[in-house]
Amino acid sequence: MMLIANAPYDDAGHEESGHPERPDRMSAARGALDDLHLAEDLREVGPYLASRSELMRVHAGTYLDELGAFCYAGGGDIDVDTYATYDSWLIAQNAAGAGLAVIGELERLQDGVGFVATRPPGHHALRDRGMGFCLLNNIAIAAASLTAKGERVLIVDWDVHHGNGTQSIFWDNPDVLYVSTHQSPLFPGSGAPYEIGGMKALGRTINIPLPAGATGDVLRRGLAEIATPVIDDFAPTWVLVSAGFDSHRDDPMADLALTSGDFALLGRSVAQFAPRRGRLAFFLEGGYNLGALRTSVAATLASALDESIEFERPSSGGPGMTTIDSTLEERSVALRIAHEAAAKGDYS
Amino acid sequence: MKTLETIAVGFDDSPDSRAAVRWAFSLASRVEANVVIVHAVGLMDRFEGRDDAPAIEESLHRLCDDCDFERERVRVHISNGDACSVLLRAVDDPIAADLLVVGSRGQGKHPGLLLGSTSLELAEHASVPVVIVPTL
């Protein structure tokens, strides 16, 4: 099957000395494409600069104005984690545009799997504020472009950190089902099982927190038992993946114990959620160990494309099975209480 | 009007946040409120392997002594997240803050811009009153 990826754009200007979210990450992700040896089965699209109206489906105009002005005034630290430079505004628009270009090509071809290799990442970015290394919420901008055309979008987020920005943006949108697996407790502190969506979208947010040390078998059980029944009912017309690879056991940002073999299994699983070919795209989020990032991206894409490459054995035996049990219970209780409150007009 | 029972103060041990704590102690003494010191642990803390908890406790003890404020009426809450989100969550249980207090830092390199200002973000989004304490 064909891989549709965004063409490289110059992201070198978005860099801060010593910061882990750095241009080398893009080289590692692009290196994974070389490892797949796809030849003519790799098609690159763009670069494409997201327009203001495309960004405003997700972000407040005042925030876009502030971010642009902040960058053109020389940039600096937005918070203790998140930086912007003079070039960051243009680079962030390219990152958002990359997702739109890949989605557009998938729509045109009605075939293939998409890979959006971009930085800065996006899933922490809120409607009116960048945070957690993220400036614009790339996957949300792409998902919003699809829901504007009446599509029903499943977002699976397996970054080690909860995608608070994406969850918040689609909190009350019944056309988006957001599923996150993430380490907890960990930054950004959100992503509890009782966070289930707003009144118009009750149950459309699924959070599967995992304890430090959790292995792939735990994560897979969480997806199978908590998320899959809801996904089946939701019947997505598109599947977008916030593919963060900082849940790899070698990543310095967290303590999950996944391997590239686990990402291969995850890549296959999410491909099965797509209703047909040409309706699946992976968006790069975190991943700060360059070797782990490269092998994990390659394993994910190879699996989704039905290509065979070598990767690490899937992990198993870590803690967290009881957490899955309690998450099932907590979510069920939260849904019951929310439905009762909604019936009384007392839920928001 | 609800009684002022719990004051949450954003604290990162900077001079600005120490000024905010002193102001909160002063108010808490007058209205017999408790104070919760809220410290955010971000992505870079984790990446750089920083554990600020001991330094925060030590600094806080000094501030209590300086301001003659009872240590028993202060607790420290360290939470994962960015400073703004962590303070906004302080309004909910278990802290249930009635008032948020922050230092005035965060105007950043570009004082005319909202971006990067925790205090202004809080003022826009918080569901309880916010006090921004200037550094004198």
Side-chain angles (χ1 to χ4, degrees), chain A residues 16 18-21 60 62-84 88-89 121 124-135 160-162 164-165 168 182-192 246 251-255 286 288-289, chain B residues 8 10-14 16-17 38-53 55-56 77-95 102-103 105-127:
Chain A
E16 187 174 82
H19 200 286
E21 207 296 284
T62 47
Y63 170 60
L64 299 175
D65 293 341
E66 286 281 340
L67 181 58
F70 184 82
C71 292
Y72 289 139
D77 290 334
I78 291 175
D79 60 28
V80 293
D81 297 319
T82 313
Y83 68 91
S88 296
W89 174 233
H124 294 305
L126 297 155
R127 183 174 178 275
D128 59 359
R129 184 156 58 91
M131 59 172 280
F133 304 172
C134 304
L135 300 178
V160 80
H161 304 100
H162 178 243
N164 60 306
S168 165
H182 48 271
Q183 184 179 324
S184 179
L186 193 68
F187 182 94
S190 51
D246 39 12
D251 196 274
M253 298 295 288
D255 305 299
Y288 305 94
N289 177 305
Chain B
F11 188 65
D12 60 4
D13 209 14
S14 63
D16 315 84
S17 68
V38 177
H39 177 71
V41 178
L43 289 169
M44 291 302 284
D45 290 305
R46 166 72 198 212
F47 179 68
E48 293 170 351
R50 281 198 302 261
D51 178 10
D52 294 334
I56 296 239
H77 180 83
I78 295 180
S79 181
N80 287 293
D82 67 302
C84 187
S85 304
V86 165
L87 277 161
L88 287 173
R89 287 201 295 266
V91 172
D92 302 323
D93 288 335
I95 298 175
V102 287
R105 193 183 57 133
Q107 300 288 348
K109 286 164 68 177
H110 315 298
L113 300 176
L114 172 66
L115 202 74
S117 167
T118 299
S119 50
L120 293 178
E121 291 280 357
L122 279 177
E124 187 176 345
H125 294 292
S127 57

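Proteins get letters first, then strands, A, B, ... in listed order; numbering begins at 1 in each. What you see is a predicted model, and the numbers here were worked out from it, not measured in a lab.
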Mind checking whether A:Phe187 and B:Val41 have side chains closer than 4.5 Å, heavy atoms only?
no
I need the residue from B:Asp45, B:Val86, B:Leu43 with the largest number of non-hydrogen atom pairs under 4.5 Å to chain A.
B:Leu43
Just how far is it from atom CZ of B:Phe47 to atom CG of A:Asp251, taken to the nearest 0.5 Å?
9.5 Å
Cut-off 3.5 Å, side chains only: do B:Asp82 and A:His124 have a donor facing an acceptor?
no
Pick one of side chain, backbone, both or neither for A:His161, based on which atoms fall under 4.5 Å of a heavy atom in chain B.
side chain
What closest approach, in Å, do A:Gly189 and B:Arg89 show between heavy atoms, and which atom pair accounts for it?
CA-NH2, 3.7 Å
So for A:Met131, is it side chain, backbone, both, or neither that comes closer than 4.5 Å to the heavy atoms of chain B?
side chain
Which bit of B:Ser85 is near chain A, if near means a heavy-atom gap under 4.5 Å: side chain, backbone, both or neither?
both
Residues, nucleotides or ligands: over 12 heavy atoms within 6.0 Å of A:Arg127 CZ:
no
Please round to the nearest 0.5 Å and tell me the distance separating atom OG1 of B:Thr118 and atom CZ of A:Arg129.
7.5 Å
Gap separating the NE2 atom of B:His125 from the CG atom of A:Asp128, nearest 0.5 angstrom:
3.5 Å
Would you call A:Asp81 and B:Arg46 a salt bridge, taking side-chain N to carboxylate O under 4.0 Å as the test?
no
To the nearest 0.5 Å, what is the distance between NE2 on A:His19 and CE on B:Met44?
4.5 Å
